[in-house]
Novice: 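Sharing a structure, written as structure tokens. Questions coming.
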Amino acid sequence: MPTHEELTHERAHLANARAELARMRERTLALDIQGGDAVSSERLAETLWRRARSLEDDPTTALFFGRVDLDTDERWYIGRRHVTDDMGDPLVIDWRAPVSTTFYRASHTDPLGVRLRRRFGYDRGRITAMEDEHLLDATEPDATSQILATEIERPRVGPMRDIVATIQPEQDALVRVDATTTVCIQGAPGTGKTAVGLHRAAWLLYAFRERLSRSGVLVVGPNEAFLDHIGAVLPTLGEVEVKHTSIEALTASVPVRATEPTDVARLKGDARMAQVLHRAVWSHLVPPSEAMVVPRGSRRWRVPAYDIAPLVDGLAARDVRYEAARQLLPQRLAHAVLVRMEALGEYPDDRVQDAVARSAPVKAYAGSIWPKVEPRALLHRLLSNADALAAAAEGILTEGEQQLLLWQKPSRTAGSAKWTLADTWLLDELGDLLNRTPSLGHVVLDEAQDLSPMQLRAVGRRCSTGAATVLGDIAQGTTPWSTASWSETLAHLGKPEGVVSELRRGFRVPATVIEFAARLLPTAAPGLAAPQSVRANPGRLDLVAVDQDDDVVAATVEHVDRLRALEGSIGAIVPDARVAEVSAALTAAGIEHGTLGADHGDVDHQVDVVPATVAKGLEFDHVLVLEPAEVAEAEPDERTGLRRLYVVLTRAVSDLTVVHARPLPAPLA
């Protein structure tokens, strides 16, 4: 074990590193902004502001958490920031630097040149403990790090924390996959797949800063509560430029004012709808049947229809969007006029061609054969006009499916239509058919197993020239259109070459809890292996049966009150229909709490009431689940219901209390 003198030395190094980090930030803030002009100065100021934010220090956290001494006599401290002294010598190495890989992956079997690995234990930013591993010493036995176990199991209240101090070798390997590779990570509850995805975004911005800071990185989550939960991770790693959005907000081009039956939403999410919409858009082309006549000066230039048809066909055959081709057509028509001018001895230049392209006769003729299309108007016509839908869907959708899509009481105009969430997926597809969706450098997509093919296509458009990190768990698929395989998901995303990896070692959910929840898997997700908890602490499971339904809420309040005496966060996960009832009961008992919802998050309270449909992706030290049978029955079918229950039961980091009056679902009994 390290000596007291070594502990004193490490504390001094920490104090010096914090002082130098503060100096680096002060020097950045003191820089004179002189960009040469107003625009350049504004961009320089923004860059320096981001740099200053990335250098902010939180004295309650560990500036560095590890140290490696190499057999080359080099010594590196591994932390959240790169900190140098006034001579430029590194005091702390960023965890994303190549040399930091040795800290995460070295072992007695493969030491990677590491002579000593030291881990630091902290209490409110002060070093309180150290552990050493001598990886070149063959006589030293492998042992579980107590500091590592303590950090993983440390109670938390508030948003999700980073895991830079506890990244495991298999996680580190996924974090550092090359920027051009799309990675799909199948991960059971508690395996850290979400954290891996976020740390991968941070690593990519470090390793490919110039490219990705220009093209952008986006994190897509299932709902706003989830985004609030993970929102603090990247800023604590110094990355403030990454944008976050929910999957609903990603395609929200119109307000959602209606819902629809599940079978209709499932059909609108089917990949075949992309073919229907493509045909509907390009069916607007009208084959030229009359000559185009363009008066210019004292002459009238005539281009016959049989000369124009190849121009239209050529544009339609190119890999361009409908609207882009429509904008090109007047120039093509004008060029045909210029060819005739030149044939008669004139010498027109580009200015003449532009003038002809902008002339009223050319614009009118182009509009007659290549009309403008508006996404909402087109979708409104398809969903309200049986003939229009039949023309677009013939040979793609059955007559019964077409009838399913048609509105029973269509609105008079697209502006007054009550669009559904599934309609926004179709409108997003139409928008891309007309004008190509700009691509980002990288997209991190979490809870991907729940997305329909059309939603996946929408995400894929945002990274068509970049790559993606896809995160999810097939066993947690809780939508009627949830994916059956990751190869299917990657194909719809437009990344069929993506690499699929699996994380099975669970670091968050204790063994007692995961083994109880895993009883659902043979029915909910046949063939999927149960996760393996590697935590030394087995956790605690309490099954609390009450006599009557009226006693369920009272028992939940009683156990919440009991758990408040413990350290850490408490999540009371309840059927959606009971959220208001449980919240009112907690208020009546004088228990302060937050209530999470699909459109907002409130994870700063010790106690949160969580609707079952919002629980996915969240973690709490202590979880209470009210009436599992009711949670399962709220879904449209047994498989989805058991998967929803599997999600709910696996949110606990320390202990799970299940309160029920009704019998537990059969797999749990």
Side-chain angles (χ1 to χ4, degrees), residues 170-171 174 182-197 220-223 226 247 262 266 269-271 443-457 459-460 468-509 513-533 612-619 631-632 635-651 665 667-668:
E170 65 268 33
Q171 295 174 328
L174 292 171
T182 290
V183 180
C184 177
I185 303 175
Q186 157 68 36
T191 54
K193 58 184 178 295
T194 296
V196 168
V220 182
N223 52 54
F226 175 83
I247 187 62
T262 299
R266 183 191 289 111
D270 193 301
V443 171
V444 178
L445 173 62
D446 208 346
E447 304 298 347
Q449 75 280 347
D450 276 342
L451 303 193
S452 70
M454 292 299 286
Q455 285 177 300
L456 290 167
R457 289 176 61 87
V459 175
T469 299
V470 182
L471 313 167
D473 179 9
I474 291 177
Q476 296 185 60
T478 52
T479 57
W481 43 80
S482 59
T483 189
S485 71
W486 289 121
S487 58
E488 179 183 304
T489 293
L490 290 170
H492 292 310
L493 197 66
K495 307 292 181 183
E497 75 290 347
V499 178
V500 181
S501 296
E502 184 176 8
L503 293 174
R504 289 191 58 194
R505 294 205 302 157
F507 303 97
R508 297 292 181 192
V509 185
V513 174
I514 200 66
E515 288 168 6
F516 177 69
R519 298 179 190 176
L520 298 169
L521 290 180
T523 305
L528 198 65
Q532 303 168 348
S533 177
T613 57
V614 180
K616 189 172 295 182
L618 304 181
E619 291 178 344
V631 170
E635 301 299 330
D637 56 71
E638 181 188 23
R639 188 201 72 162
T640 305
L642 294 181
R643 287 185 172 189
R644 178 73 68 190
L645 185 55
Y646 178 71
V647 171
V648 166
L649 294 175
T650 53
R651 301 303 96 200
L668 296 178

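Position 1 is the first residue of the sequence; numbering continues from there. Keep in mind the model is a prediction, meaning the values are calculated, not measured.
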Novice: Any non-hydrogen side-chain atom of Thr469 less than 4.5 Å from a side-chain atom of Thr182?
Specialist: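 No - every pair of side-chain heavy atoms lies 4.5 Å or more apart.
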Novice: Can you find a heavy atom in the side chain of Pro189 that is under 4.5 Å from one in the side chain of Arg651?
Specialist: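 Yes, their side chains come closer than 4.5 Å.
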Novice: Taking all non-hydrogen atoms of both residues, which atom of Ile247 and which atom of Pro222 are closest, and how far apart?
Specialist: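 Taking Ile247 first and Pro222 second, the nearest heavy atoms are CG2-O, 4.0 Å.
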Novice: Using a 6.0 Å cut-off, check whether atom CD of Glu488 has over 12 heavy atoms from anything other than its own residue.
Specialist: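 Correct, the count exceeds 12.
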Novice: Quick check: closest heavy atoms across Ala612 and Val631, and the distance to 0.1 Å?
Specialist: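 Heavy-atom minimum between the residues: CB-CG1, 3.9 Å.
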Novice: Verify side chain to side chain donor-acceptor pair (under 3.5 Å) between Thr483 and Thr489, making sure each step is shown before the conclusion.
Specialist: CA-CA 7 Å; Thr483 189; Thr489 293; 2.9 Å; yes
Novice: For Asp450 and Ser482, does a side-chain donor sit closer than 3.5 Å to a side-chain acceptor?
Specialist: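 Distance-only check fails for Asp450 and Ser482.
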Novice: Can you give each donor-acceptor pair under 3.5 Å made by side-chain atoms of residues 493-500, sequence neighbours left out, with the distance rounded to 0.1 Å?
Specialist:
{"from": "Lys495", "atom 1": "NZ", "to": "Cys463", "atom 2": "O", "distance (Å)": "2.7"}
{"from": "Lys495", "atom 1": "NZ", "to": "Gly466", "atom 2": "O", "distance (Å)": "2.7"}

Novice: Given side chains that start at C-beta, do those of Thr523 and Arg639 come closer than 4.5 Å, heavy atoms only?
Specialist: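 In short, these two side chains do not touch, never coming nearer than 4.5 Å.
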Novice: Heavy-atom distance under 4.5 Å between the side chains of Leu174 and Val183, does that happen here?
Specialist: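 Contact flag for Leu174/Val183 side chains = yes.
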Novice: Ignoring hydrogens and angles, tell me if any N or O in the side chain of Arg643 forms a donor-acceptor pair with the backbone of Ala524 under 3.5 Å.
Specialist: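 Pair found, side chain donor or acceptor close to backbone of Ala524.
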Novice: Set out, in order, the CA-CA distance, both residues' side-chain angles and the distance that settles side-chain contact (heavy atoms from CB on, under 4.5 Å) for Phe226 and Val614, then state yes or no.
Specialist: CA-CA 8 Å; Phe226 175 83; Val614 180; over 6 Å; no
Novice: Considering only heavy atoms from C-beta outward, does the side chain of Val444 approach that of Val220 to under 4.5 Å?
Specialist: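 Of all side-chain heavy-atom pairs linking Val220 with Val444, none is under 4.5 Å.
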Novice: From Ile185 CD1 over to Asp446 CG, what is the distance, rounded to the nearest 0.5 angstrom?
Specialist: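 Here the rounded value is 9.5 Å.
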Novice: Counting C-beta onward and ignoring hydrogens, is there a side-chain heavy-atom pair between Leu471 and Glu447 closer than 4.5 Å?
Specialist: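 Result no, sub-4.5 Å side-chain heavy-atom pair not found.
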Novice: Checking Leu503 against Glu170 for the side-chain contact (heavy atoms from CB on, under 4.5 Å) test, could you report, in this order, the C-alpha distance in whole Å, the side-chain angles of both residues, the deciding distance, and whether it holds?
Specialist: CA-CA 8 Å; Leu503 293 174; Glu170 65 268 33; 3.7 Å; yes
Novice: Measure the shortest side-chain to side-chain distance between Val459 and Val443 over non-hydrogen atoms and say whether it is less than 4.5 angstrom.
Specialist: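 Yes, at least one pair of side-chain atoms sits under 4.5 Å.
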Novice: Using 0.5 Å steps for rounding, measure from the CD atom of Gln171 to the NZ atom of Lys193.
Specialist: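 One gets 11.0 Å once the value is rounded to the nearest 0.5 Å.
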Novice: Pairing donors with acceptors under 3.5 angstrom, does anything connect the side chains of Asp473 and Gln449?
Specialist: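 No pair is found: no donor N or O on one side chain lies under 3.5 Å from an acceptor on the other.
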Novice: Determine whether Leu490 and Leu456 make a side-chain contact, defined as any pair of heavy atoms from C-beta on separated by less than 4.5 Å.
Specialist: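 No, every pair of side-chain atoms sits at 4.5 Å or beyond.
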Novice: Please report the closest heavy-atom contact between Leu668 and Arg519, naming both atoms and the distance.
Specialist: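 In terms of heavy atoms, the two residues are closest at O-NH1, 3.0 Å.
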Novice: OG1/Thr191 to CD/Gln532 distance, rounded to the nearest 0.5 angstrom?
Specialist: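 Here the rounded value is 11.0 Å.
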Novice: Going from CG on Leu642 to CG on Leu521, what distance comes out if it is rounded to the nearest 0.5 angstrom?
Specialist: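 Result: 10.0 Å between the selected atoms.
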Novice: Side chain to side chain donor-acceptor pair (under 3.5 Å) with Lys616: which of Thr478, Asn223, Thr650?
Specialist: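 Answer after filtering Thr478, Asn223, Thr650: Thr478.
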Novice: Grab the two heavy atoms, one from Leu451 and one from Trp481, that are nearest each other, plus how far apart they are.
Specialist: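 Of all heavy-atom pairs spanning Leu451 and Trp481, the closest is C-CD1, 3.7 Å.
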Novice: To the closest 0.5 Å, what do you measure between OG (Ser452) and CZ (Arg266)?
Specialist: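 Reported to 0.5 Å precision, the distance equals 11.0 Å.
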Novice: To the nearest 0.5 Å, what is the distance between CD (Glu635) and OG1 (Thr262)?
Specialist: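 If we round to the nearest 0.5 Å, Glu635:CD and Thr262:OG1 are 9.5 Å apart.
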